[in-house]
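Because only heavy atoms are used, hydrogens play no part in the values below, and waters and symmetry mates are left out as well, while side chains stay in. Everything numeric here is computed off the predicted structure, so don't read it as measured data.
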Amino acid sequence: MQDGPPVHPAPHRRRAVSRRRLRACHECDLLVALPPLHPGEKAECPRCGNTLTRRHANPAERSLALAIATLITLGLSVTFPFISFEISGIGNRIELTETASTLIGLHQPLVALCVLLTVIVLPAVYLCCVAWLCLGVLLRRPLPRSRQIARTLRHVTPWMMADVFVIGTLVSLIKVMGMAHIELGLSFWTFCAYALLLLFTTQSVDTDWLWFSLEREPMAPEGVRTGRTAASQGLVGCHTCGLVNPLPTGAGERCRRCHEPLHAASGFSSQATLALLAAALLMYIPANFYPIMITTSLGSSVPSTIMEGVLLFIHHGDWPIAFIIFTASVVVPVSKMLALLWLCHVVGHDRQALSRNARIRLYRITEFVGRWSMVDVFVVAILVALIRNGSLLSIEPGAGALAFAAVVVLTMLAAMLFDPRSIWAGAEPDFDPDARPQTGRDTDAKESDYA
Ligand SMILES: [Zn+2]
Ligand SMILES: [Zn+2]
């Protein structure tokens, strides 16, 4: 038996499709063979333009260093004072965790949980997971429970909102700047660094490389052709590790590599999206009808709804802040709900409206902007913790805050459950069988591909 790379006659080599490194695009289901990628390069789906994977130089060292640096800035952010506030000689200094603990004291445990999870707990879990996995790869021996931990990354990522919290803090500061003396604590600056580093860490994690390093890559089923959809060949791409699997024949079938349940494209996803949208629409009524916060000043309490808050900013001439709050609390949730409703409608009925590429762009925008609506909830959490001067001046959360947080969570879940593959259903692509994803260099890099 002779070792070494197999040599095929030229005509066969051109036609042959390797059963390794095949991927079904998560958004349009086109089956493509990933080309060798160099650090700094990314592979895009030739049909819908979705980024299939992005390669980095020294991915393990890079993600581990970033995760540790981010954890350190998070540790500093919860240790030192965040912001101090002083009015008429009476002051208050808060730490980051008080934005959640004060809400618990004011009978809003669910909003407190929402703040705590999205700003501190889930990012901390994510960072520890990334560090654990990268350490295993660097030691050339995956550490215990690596497969389960790698699976959790995809589920945690959309719920990390440190960057949104930074915008919420800035809006809160502008709101109170005129009425009191504000001082930024050390934690404020470390928190800004933490939010930035968290973004870099999530972007540094190359899922394709990570799963290859942890579990190698089983072959795709025999007779697979690229340039066609996976579903038309009885296949499905795993949304967690990317491996191409045979289409599940019953509920509960799992990916051969990561053991995550497999989901074939079906009408169920738009039904689930519609159910969540209905719940979000219902919650949007109390979110606007009930006050989002109640301001007590010199003994008299003034409740204010989302729109009253926006009008107050306009009244004070703070047009940019009024614009941010109005966009995050009204424009984004309403347009997101309408866009998802419309997408569910065109998938179910009118397939001619708007091109598929336009629909997929609309879906991507909807998924991207949803989390930014949380700004208003964070503004309430920060102001409630900061402004606690009794009857002189204090702010309490209103019932509208919980309803609005529920709207944000429900619309995010609705967008996640919507299956973009249904946008392309019924249109079999006509690509060359040897079609390969496009590659584009987006940063300077060197060194070779992992495979
Ligand atoms: Zn695609
Ligand atoms: Zn998988």
dist L52:CG -> R23:CZ (nearest 0.5 Å) comes out at 9.0 Å

Under the 3.5 angstrom rule, does the side chain of S63 hit a backbone N or O of A60 as a donor-acceptor pair? no

Got a sec, which pairs hit ring pair (Phe, Tyr, Trp, His ring centres under 6.0 Å) with one end in residues 373-406, sequence neighbours left out? F165-F378

With R361, which residues qualify under side-chain hydrogen bond (donor to acceptor under 3.5 Å, both in side chains), at least two apart? none

Strictly by side chain to side chain donor-acceptor pair (under 3.5 Å), give each pair with a member in residues 64-78 just once, sequence neighbours left out. T70-T201, S77-T190

Measuring from atom CD1 of I387 to atom CG of L393, what distance do you get when rounded to the nearest 0.5 angstrom? 5.5 Å

Rounded at 0.5 Å granularity, tell me how far SG in C238 sits from CZ in R257. 8.0 Å

Ignoring hydrogens and angles, tell me if any N or O in the side chain of T102 forms a donor-acceptor pair with the backbone of T99 under 3.5 Å. no

Quick check on H107: does its NE2 atom have over 12 non-hydrogen neighbours (other residues, nucleotides or ligands) under 6.0 Å away? no

Is any side-chain heavy atom of M416 closer than 4.5 Å to a side-chain heavy atom of P158? yes

Would you check if I167 and W372 make a side-chain contact, meaning some heavy-atom pair closer than 4.5 Å? yes

Please name all residues satisfying ring-ring contact (aromatic ring centres under 6.0 Å, His included) with H263, sequence neighbours left out, ordered by chain then number. none

Check step by step if side-chain contact (heavy atoms from CB on, under 4.5 Å) holds for I324 and L170. CA-CA 11 Å; I324 290 175; L170 294 177; over 6 Å; no

Only distances under 3.5 Å count here; give the side-chain donor-acceptor pairs of residues 328-339 to other protein atoms, sequence neighbours excluded, each with its distance to 0.1 Å.
residue: S329; atom: OG; partner: I325; partner atom: O; Å: 3.0
residue: S329; atom: OG; partner: D376; partner atom: OD2; Å: 3.0
residue: S335; atom: OG; partner: V331; partner atom: O; Å: 2.5
residue: S335; atom: OG; partner: V332; partner atom: O; Å: 3.3
residue: K336; atom: NZ; partner: T411; partner atom: O; Å: 3.4

Looking at R151 and E215, is there a salt bridge between them, counting it only when a charged N and a carboxylate O are closer than 4.0 Å? no

By ring-ring contact (aromatic ring centres under 6.0 Å, His included), H56 pairs with (sequence neighbours left out) none

Roughly how far, to the nearest 0.5 Å, is the CG atom of L383 from the CD1 atom of I395? 4.5 Å

Is there a side-chain contact between D29 and W424 (heavy atoms, below 4.5 Å)? no

Would you indicate whether the side-chain heavy atoms of P420 and H26 approach each other to under 4.5 Å? no

Trace of the side-chain contact (heavy atoms from CB on, under 4.5 Å) decision for D208 with F212: CA-CA 6 Å; D208 184 53; F212 179 81; 5.9 Å; no

Of the non-hydrogen atoms in V408 and G370, which two are nearest, and what is the gap between them? CG1-O, 3.9 Å

What are the two closest heavy atoms between A150 and W211, and how far apart are they? CB-CZ2, 3.5 Å

With sequence neighbours left out, the residues meeting ring-ring contact (aromatic ring centres under 6.0 Å, His included) with Y363 are F418

Sequence neighbours left out, what passes side-chain hydrogen bond (donor to acceptor under 3.5 Å, both in side chains) with H259? Give chain and number order. R147

Among residues at least two apart in sequence or on other chains, which ones pass side-chain hydrogen bond (donor to acceptor under 3.5 Å, both in side chains) with T229? S232, E428

Without swapping roles, check the side chain of S187 against the backbone of L76 for a donor-acceptor pair under 3.5 Å. yes

Between N245 and R254 (side chain of the first, backbone of the second, donor and acceptor by atom type, cut-off under 3.5 Å), is there such a pair? no

Within the 4.5 Å heavy-atom criterion, are R359 and W342 side-chain neighbours or not? yes

When the ring planes of F82 and F191 are compared, do they come out parallel, tilted or perpendicular, using 30° and 60° as the limits? perpendicular

Write down the atom of M283, the atom of A406, and the distance for their closest heavy-atom approach. CE-CB, 3.9 Å

Do S297 and V302 touch side chain to side chain, with heavy atoms closer than 4.5 Å? no

Is R21 reaching over with its side chain to a backbone N or O of V32, donor-acceptor style, under 3.5 angstrom? no

Working to the nearest 0.5 angstrom, can you tell me the gap between L417 CG and L276 CG? 5.5 Å

Is a side-chain donor or acceptor of R388 paired with a backbone partner of N92 at a separation under 3.5 angstrom? no

Evaluate the side-chain proximity of R364 to E367: yes if any heavy-atom separation is below 4.5 Å, no if none is. no

Can you see which heavy atom on D206 is nearest to which on R55, and at what distance? OD2-NE, 2.9 Å

Side-chain donor or acceptor of Q203 paired with backbone N/O of F200 under 3.5 Å: no

Can you check whether E308 reaches L312 side chain to side chain, under 4.5 Å on heavy atoms? no

Pairs involving residues 310-328, ordered by first then second residue, that meet side chain to side chain donor-acceptor pair (under 3.5 Å) (sequence neighbours left out): none

Show every salt bridge (charged side-chain N to carboxylate O under 4.0 Å, His left out) that has at least one partner inside residues 159-185, sequence neighbours left out. D163-R371

What are the two closest non-hydrogen atoms of A112 and I104, and how far apart are they? CB-CG1, 3.5 Å

Provide the closest heavy-atom pair for G168 versus V379 in the form atom of the first, atom of the second, distance. O-CG2, 3.5 Å

Would you mind writing out the side-chain donor-acceptor pairs for residues 123-146 within the sub-3.5 Å range, not counting sequence neighbours?
residue: W132; atom: NE1; partner: P144; partner atom: O; Å: 3.0
residue: S146; atom: OG; partner: L143; partner atom: N; Å: 3.3
residue: S146; atom: OG; partner: L143; partner atom: O; Å: 2.6

Could you walk me through whether S422 and S270 pass side-chain contact (heavy atoms from CB on, under 4.5 Å), step by step? CA-CA 9 Å; S422 56; S270 48; 5.7 Å; no

Give the C-alpha distance, both sets of side-chain angles, the deciding distance and a yes or no for side-chain contact (heavy atoms from CB on, under 4.5 Å) between M412 and M374. CA-CA 11 Å; M412 280 180 70; M374 206 57 116; 5.9 Å; no

Inter-residue atom distance R356.CZ - C48.SG, 0.5 Å rounding: 12.5 Å

